Engineer: 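The structure that follows is given in the form of structure tokens.
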Amino acid sequence: MADMSTLAVLGAGSWGTALAALAARNRVPTKLWGRDAAALATMAQSRRNSRYLPDIELPAELDYQADLAAAVRGADTVLIVVPSHAFASMLDEIAPLLGTDTNIAWATKGFEPGTGRFLHELVAEKLPGRACAVVTGPSFAKEVALGMPSAVTVHSDDEAFAQQLASMLHAPNFRAYTGSDVLGAELGGAMKNVLAVATGVADGMELGLNARAGLITRGMNEMLRLGVALGARPETLMGLSGLGDLVLTCTGDLSRNRRLGLALGRGIAIDDAVRQIGQVVESVVTADEVARLAHKHGLDLPISQGVRAVLHGEVTPVEGLKALMSREQKPEYPQGLFGPF
Ligand SMILES: NC(=O)C1=CN([C@@H]2O[C@H](COP(=O)(O)OP(=O)(O)OC[C@H]3O[C@@H](n4cnc5c(N)ncnc54)[C@H](O)[C@@H]3O)[C@@H](O)[C@H]2O)C=CC1
Ligand SMILES: O=C(CO)COP(=O)(O)O
């Protein structure tokens with residue numbers, strides 16, 4: 001059961017709306033801010049997010065706030081849920097508006113485009129000295145908003161804050177675990193979006209169930225190898241934020257990243273596919289950043305790098321598949337389960 005801490009959720013797309021509704025239903029005083037004032041006014045009046053979660057009635061307690069300063073004023077915790085490409089500018093916008101003891105959390109999945117910096121690094125740089133946490137795990141917004149059973153994890157260096165935030169979200173059909181590996185939790189959530197494109201492409205090409213399982217497992221191997229190189233804990237990657245979200249996103253057709261892959265595998269052009277999906281598809285920018293991190297750490301991640309090449313039109317899905325299947329034969333784990341790989 002939540003205490004009476006107050007929450008400001010920034011970003012009124014599908015996930016921000018679902019999380020704000022969850023907290024409000026949990027009796028946490030919650031404000032939801034979005035950049036589109038007219039859309040927020042309609043949401044307040046209709047108690048529906050007609051664009052992103054049209055079928056779901058939102059709780060009467062939710063407070064919609066189009067003025068960013070008013071949204072964050074007095075909030076104990078600000079939870080940022082904008083796409084990764086807007087994350088840094090969101091931090092810049094709120095920096096002058098926050099009280100000194102406001103905690104910062106985010107449910108965005110991705111990196112800073114163009115640099116590969118983790119979102120926690122951006123928070124540490126732009127809003128130093130505050131308790132910080134990431135909320136992540138296998139959680140389609142629609143299912144959470146419908147109250148279907150889900151489990152996520154909240155990671156923070158500050159155990160008390162992780163616990164406090166998890167309590168705000170924890171509910172009869174929503175389990176919020178806690179942990180202290182922010183980097184590992186962020187890496188899993190970002191990287192699974194890229195790997196979901198790979199399984200989507202394979203399924204779009206009708207390559208079969210064996211191919212899907214092989215890609216998920218070898219994708220998990222890529223996540224572990226990059227994670228270990230960056231200092232993530234393997235158990236974080238084997239948990240909700242890594243394996244859990246990888247399985248969900250690689251197999252569930254609610255995933256926008258998987259749907260992008262499906263479209264590419266069926267021969268649809270990337271711009272058309274992204275337009276049809278009509279929501280944020282994080283892999284389009286995250287694939288470059290995963291490749292950047294792999295290069296920096298001298299790692300060969302063929303599935304992730306193949307997805308990047310397909311997204312850039314450098315190879316076709318057929319050529320990408322051929323490249324994966326023609327790699328040299330080798331041991332599954334050359335140097336043990338958790339590396340060095
Ligand atoms: N939808 C889901 O099931 C889940 C999404 N996430 C993550 O949450 C983040 C947000 O995704 P969704 O809500 O699903 O996206 P969405 O496409 O449903 O909505 C995006 C929202 O961000 C807003 N936005 C875009 N640029 C902005 C900017 N510059 N400043 C302020 N707001 C801006 C849009 O107006 C829109 O309200 C992503 O990183 C995604 O990976 C994480 C878990 C589940
Ligand atoms: O992160 C998600 C579920 O945990 C949502 O995945 P998509 O962004 O691929 O829809």
Side-chain angles (χ1 to χ4, degrees), residues 9-22 32-40 42-43 49-54 56 64 66 68 71 78-94 105-113 118-119 134-146 148 150-154 169 174 185-186 188-200 240-263 273-275 277-287 289 307:
V9 177
L10 308 185
S14 31
W15 193 217
T17 303
L19 283 170
L22 176 74
L32 175 60
W33 173 87
R35 61 178 174 168
D36 183 342
L40 271 191
T42 307
M43 279 170 77
N49 186 335
S50 57
R51 167 145 188 218
Y52 292 105
L53 291 171
I56 289 142
Y64 304 86
L68 186 57
V78 168
L79 174 58
I80 303 172
V81 203
V82 298
S84 61
H85 66 78
F87 193 83
S89 57
M90 193 77 249
L91 295 178
D92 289 334
E93 275 186 75
I94 60 174
W106 56 98
T108 303
K109 292 174 179 169
F111 304 99
E112 180 181 48
F118 281 71
L119 303 185
V134 58
V135 179
T136 187
S139 48
F140 286 135
K142 183 177 177 186
E143 292 192 2
V144 171
L146 284 168
M148 295 166 76
S150 309
V152 301
T153 187
V154 179
L169 303 175
F174 192 87
E186 284 189 316
M191 209 168 160
K192 64 87 188 175
N193 284 332
V194 178
L195 297 165
V197 177
T199 54
L240 292 164
S241 59
L243 177 63
D245 214 355
L246 181 68
V247 170
L248 179 80
T249 317
C250 286
T251 60
D253 285 345
L254 283 177
S255 164
R256 289 116 1 141
N257 291 285
R258 173 176 161 78
R259 293 210 303 272
L260 173 61
L262 285 169
V274 169
R275 200 174 316 111
I277 292 167
Q279 295 187 13
V280 66
V281 186
E282 288 283 15
S283 56
V284 173
V285 282
T286 302
E289 305 315 322
V307 167

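Counting starts at 1 for both ligands and their atoms, in listed order. Predicted model, so just to flag it, every value in this text is computed and none were measured. Any value given below was found using the heavy atoms of this structure, including those in side chains, with hydrogens, waters and symmetry copies removed.
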Engineer: Sort out for me which residue in Thr249, Asp253, Thr251 forms a side-chain hydrogen bond (donor to acceptor under 3.5 Å, both in side chains) with Arg258.
Structural biologist: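 Running side-chain hydrogen bond (donor to acceptor under 3.5 Å, both in side chains) over Thr249, Asp253, Thr251 with Arg258 returns exactly one hit, Asp253.
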
Engineer: What does the 4.0 Å heavy-atom contact list look like for ligand 1?
Structural biologist: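 Ligand 1 pocket, heavy atoms under 4.0 Å: Ala12, Gly13, Ser14, Trp15, Trp33, Arg35, Tyr52, Val81, Val82, Pro83, His85, Ala86, Ala107, Thr108, Lys109, Ser139, Phe140, Ala141, Arg256, Gln279, Val280, Glu282.
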
Engineer: Under a 4.0 Å threshold between the charged nitrogen and the carboxylate oxygen, would Asp36 count as salt-bridged to Arg51?
Structural biologist: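 Judged by the 4.0 Å cut-off on N to carboxylate O distance, Arg51 and Asp36 do not form a salt bridge.
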
Engineer: Hey, is the main chain of Ser84 close enough, under 3.5 Å, to the side chain of Glu282 for a donor-acceptor pair?
Structural biologist: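 Judged by distance alone, yes, a pair lies under 3.5 Å.
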
Engineer: We want to know whether Asn49 and Thr17 form a side-chain donor-acceptor pair, criterion being a heavy-atom distance below 3.5 angstrom.
Structural biologist: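 Checked: Asn49/Thr17 side chains pair up, N/O donor to acceptor below 3.5 Å.
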
Engineer: Please report the C-alpha distance between Ile80 and Leu119 in whole Å, then the side-chain angles of each, then the deciding distance to 0.1 Å, and finally whether the side-chain contact (heavy atoms from CB on, under 4.5 Å) criterion is met.
Structural biologist: CA-CA 11 Å; Ile80 303 172; Leu119 303 185; over 6 Å; no

Engineer: Going through the distances and angles, do Thr153 and Thr136 end up as a side-chain contact (heavy atoms from CB on, under 4.5 Å)?
Structural biologist: CA-CA 6 Å; Thr153 187; Thr136 187; 4.1 Å; yes

Engineer: Could you pull out every protein residue that has a heavy atom closer than 4.0 Å to ligand 2, ordered by chain and then number?
Structural biologist: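 Heavy-atom contacts below 4.0 Å: Lys109, Gly137, Pro138, Ser139, Phe140, Lys192, Asn193, Asp245, Leu248, Thr249, Leu254, Ser255, Arg256, Asn257.
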
Engineer: Less than 3.5 Å apart, any donor N or O on the side chain of Asn257 or Ser283 sitting next to an acceptor on the other?
Structural biologist: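 Yes, because at least one side-chain N or O of Asn257 sits under 3.5 Å from a partner of the opposite role on Ser283.
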
Engineer: Taking the side chain from Thr108 and the backbone from Trp106, do they hold a donor-acceptor pair closer than 3.5 Å?
Structural biologist: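 Side chain of Thr108 to backbone of Trp106: no pair is present.
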
Engineer: Keeping the roles fixed (side chain from Lys109, backbone from Gly137), state whether a donor-acceptor pair exists under 3.5 Å.
Structural biologist: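 Flag set: sc Lys109 to bb Gly137 pair under 3.5 Å.
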
